[in-house]
There are 2 protein chains.
Amino acid sequence: MIPNTNELHPGLSIDCVIFGFHENELKVLLLKPKNDDCWALPGGFVKTDQDVDTEAVRVLKNRTGLDDIFLKQFYLFGNVSRNKAGHVDKMIENGMIDESLREWFSQRFVTIGYYALVEYSQVKSPTPDDVSEDCQWKPLHDLPELWLDHYEILKRAHHDLKKALNDQPIGLNLLPELFSMPELQALYETVLEKELDRRNFRRKMLAYDILIQTDERRTGGAHKPPILYKFDKEKYHKAIENGLQSAW
Amino acid sequence: MIPNTNELHPGLSIDCVIFGFHENELKVLLLKPKNDDCWALPGGFVKTDQDVDTEAVRVLKNRTGLDDIFLKQFYLFGNVSRNKAGHVDKMIENGMIDESLREWFSQRFVTIGYYALVEYSQVKSPTPDDVSEDCQWKPLHDLPELWLDHYEILKRAHHDLKKALNDQPIGLNLLPELFSMPELQALYETVLEKELDRRNFRRKMLAYDILIQTDERRTGGAHKPPILYKFDKEKYHKAIENGLQSAW
DNA sequence: CCAAAAGTGTTCTACCTACACCCATGG
DNA sequence: CCATGGGTGTAGGTAGAACACTTTTGG
């Protein structure tokens with residue numbers, strides 16, 4: 001529910017690009033606003049007595065039930081053009097918001113983009129917010145039409161995520177607790193949108209020294225069962241803080 | 001002057017960390033608010049009919065007279081704690097702002113951090129804004145006490161700039177048109193806060209393929225005069241767009 | 001026993017590191 | 001002529017790219 005607008009920071013919103021990884025595809029959690037053909041990024045407003053980061057965590061928690069998740073503020077979208085004329089009228093017509101909120105929604109808004117990486121299977125039931133009728137994972141490469149500038153926000157989130165891989169590992173919170181090297185590689189290939197050499201990938205990843213090899217193997221395939229690994233969380237977080245490689 | 005507050009985006013400000021390079025030091029352009037001991041980052045507000053980036057460019061232009069400069073949005077500072085109680089009272093007491101603006105300034109503010117890299121010598125006369133009595137370059141490593149969370153903003157700008165060097169060249173807009181390799185190296189060493197090997201630096205920088213060697217040399221020193229280079233602007237900008245190195 | 005996919009090792013190359021020598025200038 | 005700092009080259013090590021063979025499972 002939209003809280004009393006008096007308690008909200010005017011003209012400021014949050015949009016979260018929530019990435020999940022499933023069936024070798026990157027998926028994004030999207031909302032279907034009521035009576036609208038477009039889909040939208042989960043978002044929200046900022047209470048004036050709350051940190052912006054806190055509010056982003058709240059949005060994530062409300063949609064996915066998850067907290068304690070990697071969540072990164074990546075950009076503030078502040079162009080005037082993102083506020084489309086007629087857009088509020090439509091929301092009122094569609095019954096998404098009440099007439100009384102017309103003024104609040106008619107302000108010029110800037111929005112803070114966050115992206116999150118979550119484990120697909122842990123999101124038991126994606127939950128729509130009160131202005132939406134549905135909440136679903138959509139494949140990054142087969143997206144429905146999106147609201148306003150949400151496609152641009154999503155693209156930039158993915159672009160920033162790709163770049164971040166040069167300096168950070170990913171996988172924690174995006175893969176199950178135990179995973180095989182080929183599964184981790186599939187994640188990287190999906191995010192990067194390119195194929196990688198199996199052997200070189202393994203060597204490089206092991207050199208990061210953030211993996212712990214377990215005794216278990218993933219059986220069931222008609223082939224040699226892969227070793228399962230888990231992340232050394234302490235080293236993983238250190239790697240994120242210190243950066244993985246630097247030219248200087 | 002502060003425009004009519006009705007035209008301004010409420011609770012939203014811009015702060016610019018303007019870096020200059022002079023006498024082998026990184027300097028930052030700071031403002032001295034009237035009747036206050038602290039110094040502050042140049043900043044401003046966002047007109048509701050202007051893009052946020054546009055407003056940041058305007059701030060830079062007003063303080064330095066420069067435009068067409070590398071200006072990067074690096075973070076939105078959105079913690080509640082940055083709004084200190086009593087801080088508006090003090091501004092009114094000091095005559096920085098009029099009593100009539102009390103309400104406007106008492107809102108909770110979030111601020112968008114930008115950093116800029118400018119050529120020190122091109123800023124003929126740093127210009128204070130109307131709530132400040134002075135505008136000066138201050139050495140990054142000998143800063144006066146700063147307003148509110150401006151020190152935190154500055155630190156983060158520098159940190160982001162350092163990281164950016166792994167993926168981008170710097171120097172254009174920060175050095176004169178013509179510069180020697182040792183001068184460029186001094187810039188890198190200053191930003192990175194570490195010493196680099198002369199020969200390896202040269203090789204690496206030339207490998208970036210963004211420099212044009214000129215026939216001129218910098219004379220005057222009691223030693224072999226260094227060759228002067230300039231940036232190949234087209235290649236320089238391409239390097240910024242495409243990134244200099246990537247792990248994947 | 002065969003197909004499928006996983007685990008391992010080697011060679012070649014490119015780049016980074018560390019270092020030493022010569023060169024041009026001003027004083 | 002000498003002190004100062006700039007230009008150049010090279011040997012050794014490390015890391016990435018390309019690539020082939022062996023291993024283990026299910027069917």
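All chains are named by letter (A, B, ...) in the order of the sequence lines, taking the proteins before the strands, and each is independently numbered beginning at 1. Just so you know, these numbers use all the heavy atoms, side chains as well, and skip hydrogens, waters and symmetry mates.
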Colleague: Is the cationic atom of A/K163 (NZ for Lys, CZ for Arg) positioned less than 6.0 Å from the six-membered ring centroid of B/W248 and within 45 degrees of its normal?
Modeller: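 That pair does not qualify as a cation-pi contact.
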Colleague: Compare the minimum distances between each of D/dG26, D/dT8, C/dA6 and the side chain of A/P182, then state the nucleotide with the smallest one.
Modeller: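 Side chain of A/P182 sits closest to C/dA6.
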Colleague: Take atom CD1 of B/I227 and atom C1' of C/dA24, then tell me their distance rounded to the nearest Å.
Modeller: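 About 12 Å, once rounded to whole Å.
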Colleague: Do A/L117 and A/I69 have side-chain heavy atoms sitting under 4.5 Å apart?
Modeller: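 A side-chain contact is absent here, since even the closest heavy-atom pair is not under 4.5 Å.
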Colleague: Check the distance between C/dA6's C1' and A/N200's CG and give it to me in whole angstrom.
Modeller: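 From A/N200 CG to C/dA6 C1': 15 Å.
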Colleague: Could you state the atom-to-atom distance from NZ of A/K224 to P of D/dT24 in whole Å?
Modeller: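 Going from NZ in A/K224 over to P in D/dT24 covers 5 Å.
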Colleague: Tell me the interatomic distance from B/N166, atom CG, to C/dC16, atom C1', rounded to whole angstroms.
Modeller: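 Going from B/N166 (CG) to C/dC16 (C1'), I get 14 Å.
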Colleague: Write down the distance between CG (A/D197) and C1' (D/dA17), rounded to a whole number of angstrom.
Modeller: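 Answer to the nearest Å: 8 Å.
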Colleague: Report the nucleotide, chosen from C/dT10, D/dG6, C/dA6, that has the shortest atom-to-atom distance to any side-chain atom of A/R203.
Modeller: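 Taking heavy atoms from C-beta onward, the closest nucleotide is C/dT10.
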Colleague: Using the closest heavy atom to pick a nucleotide of DNA chain C for each, name whichever of B/K204 or B/R199 lands nearer the 5' end.
Modeller: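 Going by which nucleotide is closer to the 5' end, it is B/K204.
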Colleague: What nucleic acid atoms does B/R217 come within less than 4.0 Å of, heavy atoms only: base, sugar-phosphate, or nothing?
Modeller: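 Nothing, no nucleic acid heavy atom in range.
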Colleague: Quick check: on DNA chain D, is the nucleotide nearest B/A247 upstream (toward 5') of the one nearest B/R202, or the reverse? Name the residue that is more 5'.
Modeller: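 Closer to the 5' end of DNA chain D: B/R202.
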Colleague: What is the distance, to the nearest angstrom, from the CG atom on B/L196 to the P atom on C/dT17?
Modeller: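 Answer to the nearest Å: 9 Å.
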Colleague: In terms of ring plane angle, is the pair B/H158 and B/H141 parallel, tilted or perpendicular, where the classes change at 30° and 60°?
Modeller: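 Aromatic pair B/H158/B/H141 classed perpendicular.
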Colleague: Check the angle between the aromatic planes of A/H150 and A/W147 and answer parallel, tilted or perpendicular using the 30° and 60° thresholds.
Modeller: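 The arrangement is tilted - the two ring planes meet at 30° to 60°.
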Colleague: How many Å lie between CZ on A/F201 and P on C/dG9, as a whole number?
Modeller: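 Spelled out: CZ on A/F201 to P on C/dG9 is 19 Å.
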Colleague: Grab the CZ-C1' distance between B/R198 and D/dG9 for me, whole Å please.
Modeller: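 Distance, rounded to whole Å: 12 Å.
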